[in-house]
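Worth saying up front: this structure is predicted, and the values here are computed from it rather than measured.
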Amino acid sequence: MLAGLDGLRAEQEEFYRSLHEHPELSHQEHRTAAAVADGLRRAGYDVREGVGGTGVVGVLGNGDGPSVLLRADMDALPVREATGLPYASTATSGEVPVMHACGHDVHVACLLGAARLLAGARDAWRGRLVALFQPAEEAGDGARGMVDDGLAAIVPGVDVALAQHVMPFPAGLVGTHAGPVLSAADSMRITVHGRGAHGSMPQAAVDPVVLAAMIVVRLQTVVAREVPPTETAVLTVGSIQAGTKSNVIPDSAQLLLNLRTYGDATRETMLAAIRRIVTAECQASGSPREPEFELFDRYPLTDNDAATTQRVAAAFAGYFADRATVVPQQSASEDFSDIPRALGVPYTYWCIGGADPEAYRRAEEAGRVAQDIPVNHSAAFAPVLQPTLTTGTEALVVAALAWLAR
């Protein structure tokens, strides 16, 4: 089956360049979705468009057998590209620059390539392949949008769901991880209230700037003192906004927080601790009103099923040999798991490398990987075309055939 990749490679690379040059923000993936739908139809898939907004689902039945769902995300980020590539994006959405800074263009090109290869070699497998192209992963609501739009009725009877992500590892590597692999994420907006006054008359005020500062300091103890040392967690205060002038004490302050956790118990412990600390600091400062809490941009934990991961890892080891590896937990977050969770099926989510192997080797020898290898969401993030596209396409085919092969 993968012998057909040689004849597909030039077209796949051109398709990828076009995706990279024409990125689209979350919920705006109209051009990408149309290109995907056209490619699936030409390969013989039954295609549903507009699922959850701009989502595309292609279904190819091929006799009795298991049903495997392969997923790719399509959206880009509000980042101004600084890769210097000849096919770099100059796209904007209004005044906002847009770039595929997270590799979703790689995911789309690989899945469409894998879907075409499987469609062209139907004598080698039996069952049903579902190729799902998801919008709005970066917004955290694309998977839920497809689920809420009746995905379970569109693809009943799925047995397993599989997905992958390109990461700043050497291109050519494929890495699996059983259990929690990507963190759950929660963003929180906190508004604390004071009493405004002239900057020269602080005795008349309840200063929300000082209150916010005390909250920031105290929040540093949540991970250090309330999360067990054996657990991994992150709490970041990414923004404080208060006041408009140096001699005016404002009425309120707003803090934006981000949490990353790998278990529901730790997640709930941290959320409860934040509310407790903020409320107590407001009381200590004499705040005239209770603080306000708003959770947004929430991502589920990506917790790979052990048996499914073992099956995929064994298939990868058989095909990729020493290029198949185990990756550590990643602190990034994803909404993919909302789909298999809603369908009630096991899943696994693996990583492929996208960094130039020689550049990575030099950086590793110099102890400068963090400094010299651009990571996802960086304006300089640019996976090398090959072997990234070939490896990602091979990985999807090999993983699917772990269930579908005759």
Side-chain angles (χ1 to χ4, degrees), residues 4-5 8-61 68-77 87 89 91 93 98-100 102-120 128-139 141-143 145-147 149-151 154-155 158 161-166 334-336 339 352 383 385 388-390 392-397 399-400:
L5 190 53
L8 180 66
R9 186 169 289 112
E11 184 180 349
Q12 185 182 42
E13 290 180 1
E14 184 56 35
F15 179 71
Y16 166 78
R17 292 188 189 96
S18 178
L19 290 178
H20 189 88
E21 192 172 0
H22 300 92
E24 297 168 300
L25 293 176
S26 301
H27 300 295
Q28 300 177 25
E29 309 93 340
H30 302 288
R31 180 184 185 276
T32 304
V36 163
D38 178 64
L40 289 172
R41 285 196 180 94
R42 286 190 287 110
Y45 284 75
D46 180 23
V47 178
R48 288 284 298 271
E49 296 181 74
V51 183
T54 52
V56 178
V57 180
V59 180
L60 184 65
V68 175
L69 184 151
L70 302 177
R71 173 269 200 178
D73 39 10
M74 301 186 293
D75 53 330
L77 286 159
Y87 50 89
S89 168
S93 178
V98 186
M99 174 195 173
H100 267 300
C102 200
H104 295 185
D105 46 355
V106 171
H107 306 165
V108 171
C110 289
L111 178 51
L112 187 58
R116 291 179 59 183
L117 289 174
L118 284 155
R128 184 178 62 155
L129 181 68
V130 177
L132 185 150
F133 295 82
Q134 179 203 309
E137 184 278 328
E138 298 293 355
D141 60 2
M146 296 189 78
V147 168
D149 201 18
L151 179 64
I154 296 171
V155 289
V158 170
L162 309 172
Q164 65 183 9
H165 204 296
V166 62
E334 251 273 10
D335 70 345
F336 158 67
I339 291 172
I352 62 171
L385 257 69
T388 306
L389 292 179
T390 293
T393 306
E394 291 171 334
L396 289 167
V397 170

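- In this structure, Glu24 contributes its side chain and Thr32 its backbone to a donor-acceptor pair below 3.5 Å.
- Using a distance-only test at 3.5 Å, with no hydrogens or angles considered, a donor-acceptor pair links the side chain of Ser89 to the main chain of Val98.
- Checking side-chain atoms of Tyr45 against main-chain N and O of Ala131 turns up no donor-acceptor pair under 3.5 Å.
- With hydrogens and angles ignored, the 3.5 Å screen pairs no side-chain donor or acceptor of Asp46 with any backbone N or O of Val59.
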Report the C-alpha separation of Gln28 and Thr54 in whole Å, then their side-chain angles, then the decisive distance to 0.1 Å, and conclude whether the side chain to side chain contact (heavy atoms under 4.5 Å, CB included) test is met.
CA-CA 7 Å; Gln28 300 177 25; Thr54 52; over 6 Å; no
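- A donor-acceptor contact shorter than 3.5 Å links the side chain of Glu29 to the backbone of Ala136.
- Looking only at distances, a side-chain donor or acceptor of Asp75 sits under 3.5 Å from a matching main-chain atom of Glu138.
- Heavy-atom minimum distance, Asp149 versus Gly52: OD2-N, 2.8 Å.
- Listed here is the closest heavy atom pair of Phe15 and Ala35: CE1-CB, 3.9 Å.
- The backbone N or O of Pro135 lies less than 3.5 Å from no partner atom in the side chain of His27, so there is not a single donor-acceptor pair.
- Between Ser18 and Arg31, the side chains place a donor N or O and an acceptor N or O closer than 3.5 Å (distance only, hydrogens not considered).
- Atoms CG and OG1, from Leu5 and Thr390 in turn, are 4.5 Å apart once rounded to the nearest 0.5 Å.
- Side chain of Gln12 to backbone of Ala109: a donor-acceptor contact under 3.5 angstrom is found.
- The salt bridge (Lys or Arg N to Asp or Glu O under 4.0 Å) test applied to Arg71 returns Asp73, Glu334, Asp335, not counting sequence neighbours.
- Scanning for ring pair (Phe, Tyr, Trp, His ring centres under 6.0 Å) contacts around Phe336 gives Tyr347, Tyr349, with sequence neighbours left out.
- Considering all non-hydrogen atoms of both residues, Ala115 and Leu40 come closest at CB-CD2, 4.0 Å.
- When atom types are taken as modelled, the side chain of Gln164 and the backbone of Gly392 share a donor-acceptor pair closer than 3.5 angstrom.
- Just one residue in the list Val397, Leu132, Leu111 forms a side-chain contact (heavy atoms from CB on, under 4.5 Å) with Leu70, and that residue is Leu111.
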